[in-house]
Participant: 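Here it is: the structure, laid out below.
Sequence lines set the chain letters: A, B, ... in the order given, protein chains first and strands last, and positions in each chain run from 1.
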There are 2 protein chains.
Amino acid sequence: MQRRGGGGGGRDGPGGRTIVTLADVARAAGVHYSTVSRALDPVSSAQVNLETRQRLQALATRMGYQKDMVASGLKRGRTHTVAVIAGDLGNPNLAPVLRGIASGLEQAGLMTLISETQFDSARLERILNHLMSRRVDAIIMTAARPRDAPTLRWIRRQGLPLVLAIQTVPGIRLPACTNDDYLGGVLAARHLLSLGHRRLAQLRGPMEFSSCFLRAQGFSKTVAAAHAEEVVVRSTALWGSPEMGGALMRELLDKKGARPTGIFAHHDLTAFGALSVAEERGLTCPRDLSIVGYHNLPHNDRIAPPLTSISQPREELGRTAAEILIAVLSKPGRTPAPRLVRPSLVVRKSTGPPPKAQ
Amino acid sequence: MQRRGGGGGGRDGPGGRTIVTLADVARAAGVHYSTVSRALDPVSSAQVNLETRQRLQALATRMGYQKDMVASGLKRGRTHTVAVIAGDLGNPNLAPVLRGIASGLEQAGLMTLISETQFDSARLERILNHLMSRRVDAIIMTAARPRDAPTLRWIRRQGLPLVLAIQTVPGIRLPACTNDDYLGGVLAARHLLSLGHRRLAQLRGPMEFSSCFLRAQGFSKTVAAAHAEEVVVRSTALWGSPEMGGALMRELLDKKGARPTGIFAHHDLTAFGALSVAEERGLTCPRDLSIVGYHNLPHNDRIAPPLTSISQPREELGRTAAEILIAVLSKPGRTPAPRLVRPSLVVRKSTGPPPKAQ
DNA sequence: TACGGCCTTGCAAACGTTTGCGCCAGACCG
DNA sequence: CGGTCTGGCGCAAACGTTTGCAAGGCCGTA
């Protein structure tokens with residue numbers, strides 16, 4: 001299929017490019033190719049005489065030799081490739097995380113393969129088969145939900161190292177890196193409480209995501225500990241959007257009883273939708289109600305009013321996930337402890353003291 | 001290194017998982033493994049007798065056989081992997097494009113490898129070496145600039161199929177998929193002109209990006225064709241940010257002569273910054289000036305005033321890039337024509353008729 | 001019946017790298 | 001001076017798949 005060059009050796013690649021192999025270098029150096037292999041491999045290079053080693057290394061770089069990772073992968077069973085399985089690549093919050101992962105892995109000589117399940121389990125299965133057949137060294141999963149637990153266990157049974165990022169799954173012990181969403185909820189609650197709010201509410205995201213669940217818990221516990229009141233509305237089924245936020249806000253305002261003055265939205269977009277509905281109802285923010293968002297989207301200071309929000313270091317999360325994965329690969333036995341990345345509160349104009357009237 | 005199982009055959013993978021090979025299936029079926037290979041390969045399966053073929057296919061799936069793509073890649077020289085080289089993965093506009101690419105490629109059985117240059121040419125070189133050594137089948141490059149032309153030519157010389165996405169490079173003929181940025185500029189200009197504006201200006205992005213260059217051209221030509229006036233300010237060195245927008249806006253307002261009333265920002269974030277500065281100077285939008293942004297970021301309708309913007313189908317762009325790539329791979333000789341994805345204008349409240357006074 | 005043409009299947013050599021094993025020469029020791 | 005040890009290198013067998021080639025059987029025709 002692939003022609004061997006006549007004189008100089010070297011293989012013709014698909015596009016007619018010449019590929020220099022170990023054999024080519026060996027021929028040029030007058031040694032056996034296994035010697036070249038050893039000379040170029042950092043660990044076995046001690047087995048070859050110092051000066052031949054240096055000569056071969058110099059020759060290899062001069063000839064433009066590049067180890068064929070495919071062949072190496074076949075032989076060694078390690079492809080130096082890590083797959084990231086995301087739920088929705090369209091989610092803008094994901095990009096910085098991916099960046100962190102990719103740059104963190106790159107430093108360890110690992111490449112990043114990305115794929116997207118679109119939260120479809122058949123698709124996930126197809127992807128996993130693909131990845132197994134490609135012999136990836138490990139998997140990072142970014143949007144795992146409780147219902148994915150069997151799949152996660154399956155992956156683990158296959159012996160594939162697995163690290164969770166962004167979301168964790170209760171009841172399954174796996175190395176993971178997430179935001180400290182519980183703390184995020186606490187920060188939001190504390191902020192509103194410290195401003196004097198005593199009637200609070202949450203516009204919650206889907207509770208199957210650990211991030212939302214923990215945010216809700218952190219918030220509720222803090223509110224309860226302060227003996228303040230929390231008005232409960234249902235959580236959304238879909239992830240943050242203005243429409244969802246509007247719907248929840250309407251539901252909240254339609255409830256009988258005193259209206260909450262401090263609101264914690266699990267997503268900035270949800271907060272936007274809620275603000276629109278509040279304005280329709282003649283409420284102004286922050287005079288009549290305060291609202292805290294989540295994610296600290298880049299335009300929060302341009303909207304009216306600029307949105308107080310919880311900021312998460314997303315790229316750091318990705319880098320940390322990469323670190324964990326590298327640790328797992330280097331010592332397969334141990335499961336590193338889950339790691340948390342701390343969020344912080346960014347105060348803007350959408351929060352203030354509650355109205356005096358109440 | 002890897003132990004062979006005693007009785008049943010099968011290889012033990014890194015984590016102790018058992019891998020079923022062609023030889024295992026063949027042994028179980030009592031045929032030679034080459035026959036199994038042929039039976040399972042869609043093109044050569046015609047060579048094997050219908051009923052053995054079916055028997056082998058059934059047995060293979062029953063035994064959980066999965067073709068080892070690494071071994072196949074070594075033999076065939078095709079890895080079914082495509083690399084996407086991005087400039088900045090943190091750019092939120094990129095995520096939908098990546099999604100489009102990944103899902104488009106997946107349908108052709110190709111996997112997507114992503115990497116990020118951070119606009120550092122040494123890094124780009126390292127990445128390319130890595131990719132070559134990994135024998136990727138093709139490369140998609142998303143943020144090429146004129147200064148990258150030598151590298152692009154080098155890739156082409158290596159015989160690696162290459163497709164540009166989002167940005168093109170003048171003077172180098174390569175298959176590409178971009179937004180019709182020229183049209184975007186035209187749409188912005190037409191909109192402002194049709195509202196009655198006669199003095200216009202642009203807050204331009206870095207002109208080394210073909211996208212910005214073409215937007216600028218489309219806008220300027222349309223303005224000139226309408227015999228309206230364009231006030232020129234320098235373009236930014238960095239990509240859209242509120243700070244950049246503010247700086248450019250200040251420069252524009254400090255110019256002597258009549259103030260432009262219609263402004264086209266090459267990025268929504270630039271527009272946001274410009275709006276802030278305008279407000280500082282006591283100008284209100286859209287009463288005193290109109291502004292059109294670009295990218296149609298998801299929160300444009302929540303800012304004050306909601307921002308008129310040019311929307312680009314980003315995911316479609318990614319899918320189209322994938323289509324082009326697949327075409328290139330299927331017939332290596334031909335260079336498919338560059339394709340354009342059409343943007344559209346989304347009118348909101350930041351644009352209106354010019355002030356009567358002028 | 002002999003022979004040429006198929007349809008199927010087996011054989012074995014690749015693809016490029018890694019690595020256990022063994023060989024050789026030189027050094028060292030008794 | 002003979003034996004053992006060791007550093008350095010070559011040999012060849014893998015890793016799992018693909019594929020040209022050939023061999024065997026079967027059929028049809030001369």
Participant: How long is the line joining NZ of B:Lys75 and C1' of D:dT19, in whole Å?
Facilitator: 7 Å
Participant: Is it the case that the base of C:dG10 and the side chain of B:Arg38 share a donor-acceptor contact (distance under 3.5 Å, atom types as modelled)?
Facilitator: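 Answer yes: a donor N or O sits under 3.5 Å from an acceptor.
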Participant: Given atom CG of B:Leu40 and atom P of D:dT18, what is their separation to the nearest angstrom?
Facilitator: 9 Å
Participant: If we ignore angles and hydrogens, is there a donor and acceptor under 3.5 Å between the side chains of A:Arg147 and A:Ser121?
Facilitator: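 A:Ser121 and A:Arg147 do not have a side-chain donor-acceptor pair below 3.5 Å.
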Participant: Looking at C:dA14, I'd like to know if its phosphate oxygens (OP1 or OP2) sit under 4.0 Å from a side-chain N or O belonging to B:Arg76.
Facilitator: no
Participant: If you find the nucleotide of DNA chain C closest to B:Ala71 and the one closest to A:Ser44, which residue's nucleotide is nearer the 5' end?
Facilitator: B:Ala71
Participant: In terms of side-chain heavy atoms of B:Val31, which of C:dG10, C:dT19, D:dT18 is nearest?
Facilitator: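 For the B:Val31 side chain, the nearest candidate turns out to be C:dG10.
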Participant: Take the protein atom CG of A:Asp41 and the nucleotide atom P of C:dT18, then report the distance between them rounded to whole Å.
Facilitator: 6 Å
Participant: Can you tell me how far P of D:dC15 sits from CG of B:Leu22, to the nearest Å?
Facilitator: 13 Å
Participant: Under 4.0 Å between any heavy atoms, over every strand shown, what does A:Ser34 touch: base, sugar-phosphate, or nothing? Just pick one.
Facilitator: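 Counting heavy atoms under 4.0 Å across all strands, the contact made by A:Ser34 includes a base.
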Participant: Reckon A:His32 has a side-chain N or O less than 4.0 Å from the OP1 or OP2 of D:dC9?
Facilitator: no
Participant: Which side-chain N or O atoms in residues 315-322 of chain A pair as donor and acceptor under 3.5 Å with protein atoms at least two apart or in another chain?
Facilitator:
from     : atom 1 : to       : atom 2 : distance (Å)
A:Thr320 : OG1    : A:Glu316 : O      : 2.7

Participant: Quick one: does B:Glu116's side chain have a donor or acceptor within less than 3.5 Å of a partner on A:Ala102's backbone?
Facilitator: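 No; judged by distance alone, with no hydrogens or angles, the pair does not exist.
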Participant: Does the pair B:Arg99/A:Asp88 count as a salt bridge with the N-to-O cut at 4.0 Å?
Facilitator: yes
Participant: Please tell me if A:Arg53 has a side-chain N or O lying less than 4.0 Å from either OP1 or OP2 of D:dG8.
Facilitator: no
Participant: Closer to the 5' end of DNA chain D via nearest nucleotide, is it A:Thr52 or A:Tyr33?
Facilitator: A:Thr52
Participant: Across the strands shown, which category fits A:Ser72 at heavy-atom distances under 4.0 angstrom: base, sugar-phosphate, nothing?
Facilitator: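 Counting heavy atoms under 4.0 Å across all strands, the contact made by A:Ser72 is with sugar-phosphate only.
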Participant: Any side-chain heavy atom of B:Arg27 within less than 4.5 Å of one from B:Tyr33?
Facilitator: no
Participant: Whole angstrom is fine here: how far is it from CG in B:Leu74 over to P in C:dT17?
Facilitator: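 The distance from CG of B:Leu74 to P of C:dT17 comes to 9 Å, rounded to the nearest Å.
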Participant: Just checking B:Val70: base, sugar-phosphate only, or nothing, at a heavy-atom cut-off of under 4.0 Å?
Facilitator: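 Here B:Val70 touches no strand at all.
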Participant: Counting side-chain heavy atoms from C-beta on, which of C:dT9, C:dT19, D:dT17 comes nearest to B:Thr35?
Facilitator: C:dT9
Participant: What is the distance from CG of B:Asn49 to C1' of D:dC26, rounded to the nearest Å?
Facilitator: 13 Å
Participant: Between atom CG in B:Leu50 and atom C1' in C:dC6, what is the gap in whole Å?
Facilitator: 17 Å
